[in-house]
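For reference, the structure discussed in these notes is given below.
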Amino acid sequence: MSDCLFCKIAAKEIPANIVHEDELCVAFDDINPQAPMHVLVIPKKHISRVSEIKQEDQELAGHLMMVGSSVAASRGFSESGFRIVANCNADAGQVVFHIHFHVLAGRQLGWPPG
Ligand code: AMP
Ligand code: ZN
């Protein structure tokens, strides 16, 4: 999608600190980290929000989760713990409408989230 910030990051038209890339997705450091590790995992395919995940995207959605987990493990947070979360629409505070999984780690994460 031409006017999408995260499509532009995936296409390398806007810089980001990319920590993982494969044929399906890109993971990069969040510009405004909320924890010592705060990575976003996005599909290269534009999907606007979690509620728009279709049947054909099931494998892709699982892949994003697996990549988030492996990025956390590569930073040494597999044992201590991490959180993967996706915000969908206004009440969850979604501001970028290209689906992304936040991967947060490196501090005690409060629950329930605000
Ligand atoms: P959300 O509220 O779930 O839509 O989260 C959007 C996230 O994107 C926020 O955590 C922002 O800090 C992050 N973000 C926005 N612009 C950029 C950017 N150019 N590079 C990296 N992260 C970004
Ligand atoms: Zn997009």
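Computed over heavy atoms, backbone and side chain alike; hydrogens, waters and symmetry mates excluded. In each ligand, atom 1 is the first atom listed, and ligand 1 is the first ligand listed. Residues: numbered from 1 along the sequence shown.
If you number the atoms of ligand 1 from 1 as listed, the ones under 4.0 Å from a heavy atom of Phe6 come out as 8 (O). Residue contact check: Asp29 has heavy atoms under 4.0 Å from atoms 21 (C) of ligand 1. Close contacts between ligand 1 and Leu5 involve ligand atoms 16 (N) [criterion: under 4.0 Å to a heavy atom]. Close approach to Asn32 involves these atoms of ligand 1, each under 4.0 Å from a residue heavy atom: 12 (O). Close contacts of ligand 1 with Asn87, meaning ligand atoms under 4.0 Å from a residue heavy atom, involve 1 (P), 2 (O), 3 (O). Atom numbering of ligand 1 starts at 1 in the shown order; those under 4.0 Å from a heavy atom of Gln94 are 2 (O), 4 (O). Of all the atoms in ligand 1, the ones that sit under 4.0 Å from a non-hydrogen atom of Leu40 are 8 (O), 13 (C), 22 (N).
The shortest distance between side-chain heavy atoms of Phe101 and Val67 does not fall below 4.5 Å. No side-chain heavy atom of Gln94 sits less than 4.5 Å from a side-chain heavy atom of Val50. Annotation: side chain of Asn89 is in contact with side chain of Ser51 (closest heavy-atom distance under 4.5 Å). Taking 4.5 Å as the limit, some side-chain heavy atom of His20 sits within range of a side-chain heavy atom of Cys25.
From the protein, the heavy atom lying nearest to atom 13 (C) of ligand 1 is Asp30 OD2, 3.3 Å. Protein heavy atom in closest approach to atom 1 (P) of ligand 1: His100 NE2, 3.1 Å. Nearest non-hydrogen protein atom to atom 21 (C) of ligand 1 is Ile31 N, 3.3 Å. Looking from atom 4 (O) of ligand 1 to the surrounding protein, the closest heavy atom is Val95 N, 2.8 Å. Ranking protein heavy atoms by distance to atom 2 (O) of ligand 1, first place goes to Gly93 O, 2.9 Å.
Taking all atoms of both residues into account, the shortest heavy-atom contact from Val39 to Ala27 is CG1-CB, 3.9 Å.
Using a cutoff of 4.0 Å between basic side-chain nitrogens and carboxylate oxygens, Lys44 and Glu23 are not scored as salt-bridged.
Rounding to 10°, one obtains 110° for the angle at the Zn ion (ligand 2) between ND1 (His98) and ND1 (His46). To the nearest 10 degrees, the Zn ion (ligand 2) sees SG of Cys7 and SG of Cys4 at an angle of 120°.
Looking at Arg83, its side chain does come within 3.5 Å of a backbone N or O of Gly110 through a donor-acceptor pair. Remark: the backbone N or O of His98 is paired with a side-chain donor or acceptor of His100 at under 3.5 angstrom.
Each of Val26, Ile53, Leu24, Ile99 was scored for a side chain to side chain contact (heavy atoms under 4.5 Å, CB included) with Pro43, with one residue passing: Ile99.
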